[in-house]
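These numbers come from a predicted model, not from an experiment. Lettering follows sequence order; numbering is per chain, from 1.
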Amino acid sequence: EDKVVQSPLSLVVHEGDTVTLNCSYEVTNFRSLLWYKQEKKAPTFLFMLTSSGIEKKSGRLSSILDKKELFSILNITATQTGDSAVYLCAVLYNTDKLIFGTGTRLQVFP
Amino acid sequence: NAGVTQTPKFQVLKTGQSMTLQCAQDMNHNSMYWYRQDPGMGLRLIYYSASEGTTDKGEVPNGYNVSRLNKREFSLRLESAAPSQTSVYFCASGDRTTDTQYFGPGTRLTVL
């Protein structure tokens with residue numbers, strides 16, 4: 001059965017901390033792995049990863065994929081209260097289907 | 001450029017009532033999707049449409065039907081709503097050149 005597992009389920013940190021969110025997957029016909037940020041409403045796209053070992057960066061956020069070990073991490077450095085959200089990992093497989101993990105809820109306190 | 005739009009934003013139904021959730025995208029994407037999101041379950045695919053005129057079942061299709069009216073619009077119908085269909089519903093459209101999906105704002109549906 002195809003699945004995507006995220007850990008931890010929940011994380012509480014103080015502003016300025018660095019956090020690492022984990023995503024492991026078991027999916028047939030893997031095409032790419034996507035990270036989304038979800039605040040109150042719709043998920044917003046962060047990164048798409050297709051190749052192993054190539055880091056994607058956007059400001060304080062970065063992500064990398066390991067296709068041999070079947071996982072990805074999302075790093076957030078110098079966290080801010082605006083980073084508080086649910087972070088979703090999803091894997092694109094077969095034609096255009098996405099399978100999502102249950103998400104990691106990050107709370108950043110001042 | 002509105003992206004993906006959904007109507008309504010909120011809806012309350014009684015068990016057995018029917019309704020249609022509307023979705024439209026203006027990004028000229030071929031693929032469109034309907035997901036539901038429940039606490040602790042993540043997003044689960046209900047139906048998707050890889051192109052105009054085609055639809056296919058996702059992970060949780062029971063109790064739903066869809067129509068890909070044209071390239072822009074993809075509707076989701078609940079023929080006889082049940083309390084188990086209480087959820088937040090998201091429509092998304094996909095860009096095959098980048099494998100990215102873009103989401104609408106969601107519809108919060110409560111079935112009493």
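In the hydrophobic clustering of this structure, A/Tyr87 groups with A/Val91; members are Ile, Leu, Val, Met, Phe, Trp, Tyr whose side-chain heavy atoms approach within less than 4.5 Å, directly or through other members. Linking ILVMFWY residues whenever their side-chain heavy atoms come closer than 4.5 Å, directly or via other members, leaves B/Leu45 and B/Trp34 in distinct clusters. In terms of hydrophobic clustering, with Ile, Leu, Val, Met, Phe, Trp and Tyr side chains grouped at heavy-atom distances under 4.5 Å, A/Val13 and A/Leu61 are assigned to a common cluster. One hydrophobic cluster, built from ILVMFWY side chains closer than 4.5 Å, cannot hold both B/Tyr102 and B/Tyr47; they sit in different ones. Criterion: ILVMFWY side-chain heavy atoms under 4.5 Å apart, direct or through other members. Under it, A/Leu88 and B/Val88 are part of a common hydrophobic cluster.
Taking every heavy atom of both residues into account, B/Phe90 and A/Gln38 meet most closely at CZ-NE2, 3.5 Å. Residue B/Gly104 comes nearest to A/Ala42 through the heavy atom pair O-CB, 2.8 Å, listed as atom of the first residue, atom of the second, then distance.
Note that CG of A/Leu46 and OG1 of B/Thr100 are 11.0 Å apart. Values are rounded to the nearest 0.5 Å. Rounded to the nearest 0.5 Å, atoms CD (B/Gln37) and OG1 (A/Thr102) are 10.5 Å apart. How far NZ of A/Lys97 is from OH of B/Tyr33: 10.5 Å, rounded to the nearest 0.5 Å. Taken from CD in B/Gln101 to CE in A/Met48, the straight-line distance is 12.0 Å, to the nearest 0.5 Å.
Counting heavy atoms from C-beta on, the side chains of B/Leu43 and A/Tyr36 never come closer than 4.5 Å.
Summarising the local packing, CZ of B/Arg44 is surrounded by more than 12 heavy atoms from other residues, nucleotides or ligands at distances under 6.0 Å.
If you measure heavy-atom distances from B/Gln6 to chain A, you find no contacts under 4.5 Å at all.
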